[in-house]
*Asks:* 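The structure is given below, and queries will be raised subsequently.
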Amino acid sequence: MSGANTNLPTVKERANEALKDDFLRKAVRFTTERLRHGKKTASELLGNWEEWRERGRQIRLHTIAHLDYYLNLFADNARANGVHVHFAETATDAVRIALSIAKNHEARTVVKSKSMVTEELHLNQELKKIGVEAIEADLGEYIIQLAGEMPSHIIIPAIHKNRFQIAELLSEVAGEKLSADTKILAGFVRKKLREKFLEADIGMTGCNFAIAETGSMVLFENEGNARMVSTLPRVQITLMGMERIIPSWADLEVMATLLPRSATGQKLTVYMSGITGPRRKEDGDGPEEMHIIIVDNGRSLQLGDPEFQELLNCIRCGACLNACPVYRHIGGHAYGGPYSGPIGAVLTPALKKNVAEWDDIANASSLCGACYEACPVKIPLHEMLVYLRRRKVEAGHGQAAEGMAMKGFGAVMGNARRYRLALKLGRIGQKLVVRDGGIRAKIGPLKGWNKYRIAPSIAKETFQERWRTLEQEIRVEPNETSRSAEARLKQVLQERSSKGGHLHG
Ligand code: SF4
């Protein structure tokens, strides 16, 4: 793996660090397992999950194919509702717009609900530079802000921390030792944040979905902090990626069915807020002034690209992270950007535009396709990872040895005789390295692989060889009744099974 910026650790180096951290691995595995189980149960209870997935995919495909139309419709309707709509082509533009709003209002503090776009823009750090304190109001985000870290999961930013570590962080804020009881810790943060909500000059939110037909924004959350952020401060700024659009409220029904189930296994998120403009005369609360910053920052580069356009269909549920065997081992920080897991491995290079700098991240995948199976809008992330690897090679960032190995592999796999010969030679050669049924040697290309696992040895028989033998053993004799043939087949299979010879190779 290589990276153009040699000062930054590569994914491989960061992954090695993560693999040494037993607690992180256990914590990530425990939570992702729980989320996967929740998703499975919730989707089974709903029924027709595949049909819902397909409906979700069709809505996203249609919207992104007509993104310019729906974005303009959304912006026109939002303006008619009294919202100031800003388009930001780059991260710099988005930051400049947000900072100028903060300066115009002489803001000192900003309270924020969870927003991955603001992570992408490093907005908290930029606000700090002009003397504005940004306070994260989502519990997980608040914890990692105190720890000075990036989120390690799209929906559970502090997935890698346990309650004892959290108690330590919060005790510093409290100025006294807090018990590691989760109720006490949550109660402390709730009280602390109430003061911040009341004091803040600006409330800043992300946006799960923007409804084009009415110019409304919809926020999904479980803690109620987004409601506080969008209700109490006098000014509200919402930052949204330009792909967050859906055409109508009817489409939201499908998204509201898919997103919480895929993210946390919930039938419905605890709070779902629809916001259509600032406070009106008859309203009891809400901001007096509202801004929406629609961020491009590399997203439009994916439009019209047959290999990557579907990336814009993502609804940021995090299901692909929970399903990914690589993420479940190394957690989110190893990916090096705010977006981690399979979606991060594709989105980060795509948004950075600089394939060279991020070329090694696409290698952090086994290409098993579990991300695709988990994705509620059926984004073929595993295929995109292959395209990224191809781009890396085409851009001259591949390794010569890897290229030669792949050519050799292609030559063997493309010819049946060569394949059979290679298997025979492999079976002879592996005798030197096979111990207790597996290859454990940490040499050559096996060094990295065998550090944390055992490579399987080449089977004594291939599937085809076994099939041929079995076919002869169970051949139906002329005049043999089907019952007797069936009984003989059962007997052959039982004998093979007792000898440990399963049919699959
Ligand atoms: S790629 Fe699919 S599974 Fe992953 S976060 Fe996006 S919508 Fe969810």
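None of the values given here were measured: they were computed from a predicted structure. Just the heavy atoms: all of them, side chains too, but no hydrogens, waters or symmetry mates, feed the values below. Sequence positions, counted from 1, serve as the residue numbers for this chain.
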*Asks:* Are Leu19 and Arg25 packed together at the side-chain level, in the sense that at least one heavy-atom pair is separated by less than 4.5 angstrom?
*Replies:*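 Heavy-atom side-chain distance check passes, below 4.5 Å.
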*Asks:* Tell me, do Trp49 and Arg261 make a side-chain contact under 4.5 Å, heavy atoms counted?
*Replies:*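 Yes - at least one pair of side-chain heavy atoms lies under 4.5 Å apart.
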*Asks:* Tell me whether the count of non-hydrogen atoms from other residues, nucleotides or ligands lying under 6.0 Å of CD in Gln266 goes above 12.
*Replies:*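 Yes, enclosed.
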*Asks:* Treating Asn222 as the side-chain partner and Val270 as the backbone partner, does any N or O pair qualify as donor plus acceptor under 3.5 Å?
*Replies:*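 Yes; judged by distance alone, with no hydrogens or angles, the pair exists.
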*Asks:* Would you say the ring centers of Phe220 and Tyr271 fall short of 6.0 Å from each other?
*Replies:*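 No.
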*Asks:* Between the side chain of Asn77 and the main-chain N/O of Ala212, is any donor-acceptor distance below 3.5 Å?
*Replies:*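 Side chain of Asn77 to backbone of Ala212, a donor-acceptor pair under 3.5 Å: yes, one is there.
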*Asks:* For the residue pair His291 and His84, categorise the inter-ring angle as parallel (less than 30°), tilted (30 to 60°) or perpendicular (more than 60°).
*Replies:*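 His291 and His84: parallel rings.
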*Asks:* Is the gap between the ring centers of His160 and Phe23 under 6.0 Å?
*Replies:*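 Centroid separation for His160 and Phe23: 6.0 Å or greater.
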*Asks:* Between Gln145 (side chain) and Ala134 (backbone), is there a donor-acceptor pair under 3.5 Å?
*Replies:*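 Flag set: sc Gln145 to bb Ala134 pair under 3.5 Å.
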*Asks:* Within the distance-only criterion (no hydrogens, no angle test), does the side chain of Arg163 pair as donor or acceptor with the backbone N or O of Ala180 below 3.5 angstrom?
*Replies:*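 Yes; at least one donor-acceptor contact below 3.5 Å.
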*Asks:* Find out whether Phe209 and Leu252 are in side-chain contact, i.e. whether some heavy atom of one side chain is under 4.5 Å from a heavy atom of the other.
*Replies:*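 A side-chain contact exists here, since the closest heavy-atom pair is under 4.5 Å.
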*Asks:* So does Arg14 pair up with Glu17, basic N to acidic O under 4.0 Å?
*Replies:*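 Salt bridge: no.
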*Asks:* Could you tell me which non-hydrogen atom of Thr276 sits nearest to which non-hydrogen atom of Thr214, and how far apart they are?
*Replies:*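 For Thr276 and Thr214, the tightest heavy-atom pair comes out as CG2-O, 3.8 Å.
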*Asks:* Can you confirm whether more than 12 heavy atoms, excluding those of Arg79, are under 6.0 Å from its CZ atom?
*Replies:*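 Yes, CZ of Arg79 has more than 12 neighbouring heavy atoms, counting only those of other groups under 6.0 Å.
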*Asks:* Are the charged groups of Arg55 and Glu51 less than 4.0 angstrom apart, N to O?
*Replies:*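 Salt bridge between Arg55 and Glu51, a charged N being under 4.0 Å from a carboxylate O: no.
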*Asks:* In terms of side-chain geometry, is the basic nitrogen of Asp22 or Arg29 positioned less than 4.0 Å from the acidic oxygen of its partner?
*Replies:*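 Arg29 and Asp22: not salt-bridged.
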*Asks:* Are the charged groups of Lys114 and Glu221 less than 4.0 angstrom apart, N to O?
*Replies:*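 Looking at Lys114 and Glu221, the cut-off is not met.
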*Asks:* Does the side chain of Trp249 reach to within under 4.5 Å of the side chain of Ser216, using non-hydrogen atoms?
*Replies:*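 Yes, their side chains come closer than 4.5 Å.
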*Asks:* For the side chain of Glu13 and the backbone of Thr10, is there at least one donor-acceptor N/O pair under 3.5 Å apart?
*Replies:*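 Pair found, side chain donor or acceptor close to backbone of Thr10.
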*Asks:* Has the side chain of Thr31 got a donor or acceptor atom that lies under 3.5 Å from a matching backbone atom of Val28?
*Replies:*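 No, because the side chain of Thr31 does not come within donor-acceptor range (under 3.5 Å) of the backbone of Val28.
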*Asks:* Looking at Arg390 and Glu307, is there a salt bridge between them, counting it only when a charged N and a carboxylate O are closer than 4.0 Å?
*Replies:*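 Between Arg390 and Glu307 there is a salt bridge, with a charged N closer than 4.0 Å to a carboxylate O.
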*Asks:* Does Ala362 offer a backbone N or O that forms a donor-acceptor pair with the side chain of Ser365 under 3.5 Å?
*Replies:*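 Such a contact is absent between Ser365 side chain and Ala362 backbone.
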*Asks:* Would you please indicate yes or no on a ring centroid separation below 6.0 angstrom for Tyr387 and His382?
*Replies:*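 Between Tyr387 and His382, which both carry aromatic rings, the centre distance is not below 6.0 Å.
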*Asks:* Okay, side chain of His105, backbone of Ala107: is any donor-acceptor separation there less than 3.5 Å?
*Replies:*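 Not at all, since once roles are kept as given, no pair shorter than 3.5 Å links the two residues.
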*Asks:* If you measure from the Lys or Arg side-chain nitrogens to the Asp or Glu carboxylate oxygens, is any gap between Glu310 and Lys378 under 4.0 Å?
*Replies:*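 Not counted as a salt bridge, because no side-chain N and carboxylate O are separated by less than 4.0 Å.
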*Asks:* If we only count heavy atoms from C-beta on, is the Met255 to Ile315 side-chain gap below 4.5 Å?
*Replies:*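 Answer yes - side chains close enough.
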*Asks:* Answer yes when Glu243 and Arg316 have at least one side-chain N-carboxylate O distance shorter than 4.0 Å, and no when they do not.
*Replies:*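 Looking at Glu243 and Arg316, the cut-off is met.
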*Asks:* Please check if any side-chain donor atom of Asn124 sits under 3.5 Å from a side-chain acceptor atom of Glu136, or the reverse.
*Replies:*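 A donor-acceptor contact under 3.5 Å links the two side chains.
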*Asks:* Is a donor on one side and an acceptor on the other found under 3.5 Å between the side chain of Glu119 and the backbone of Ser115?
*Replies:*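 Not confirmed, Glu119 side chain does not pair with Ser115 backbone.
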*Asks:* Can you check side-chain hydrogen bond (donor to acceptor under 3.5 Å, both in side chains) on Ser230 and Thr205, steps first, answer last?
*Replies:* CA-CA 7 Å; Ser230 58; Thr205 75; over 6 Å; no
*Asks:* Any non-hydrogen side-chain atom of Lys39 less than 4.5 Å from a side-chain atom of Asn322?
*Replies:*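 The answer is no, as the side chains (C-beta and beyond) never meet within the 4.5 Å cut-off.
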*Asks:* Any salt bridge between Glu120 and Arg299, counting N to O under 4.0 Å?
*Replies:*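 Answer for the salt bridge query: yes.
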*Asks:* For the pair Arg60 (side chain) and Asn313 (backbone), establish whether a donor and an acceptor sit closer than 3.5 Å, ignoring hydrogens and angles.
*Replies:*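 Flag set: sc Arg60 to bb Asn313 pair under 3.5 Å.
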*Asks:* Taking the side chain as every heavy atom from C-beta outward, state whether Phe308 and Met384 have any atom pair closer than 4.5 Å.
*Replies:*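 A side-chain contact under 4.5 Å exists here.
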*Asks:* Do Pro247 and His62 touch side chain to side chain, with heavy atoms closer than 4.5 Å?
*Replies:*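 Result yes, sub-4.5 Å side-chain heavy-atom pair found.
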*Asks:* Out of the candidates His122, Lys129, Lys128, only one should pair with Glu126 under the side chain to side chain donor-acceptor pair (under 3.5 Å) rule; please name it.
*Replies:*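 Per the side chain to side chain donor-acceptor pair (under 3.5 Å) rule, the option paired with Glu126 is Lys129, out of His122, Lys129, Lys128.
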*Asks:* Does this structure show an ion pair linking Glu33 with Arg328, if we count only N-O contacts that are shorter than 4.0 Å?
*Replies:*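 Result for this pair is yes, salt bridge flagged.
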*Asks:* Tell me the closest heavy-atom pair linking Val83 and Ile292, and the distance in Å.
*Replies:*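 So the minimum-distance heavy-atom pair works out to CG1-CG1, 3.5 Å.
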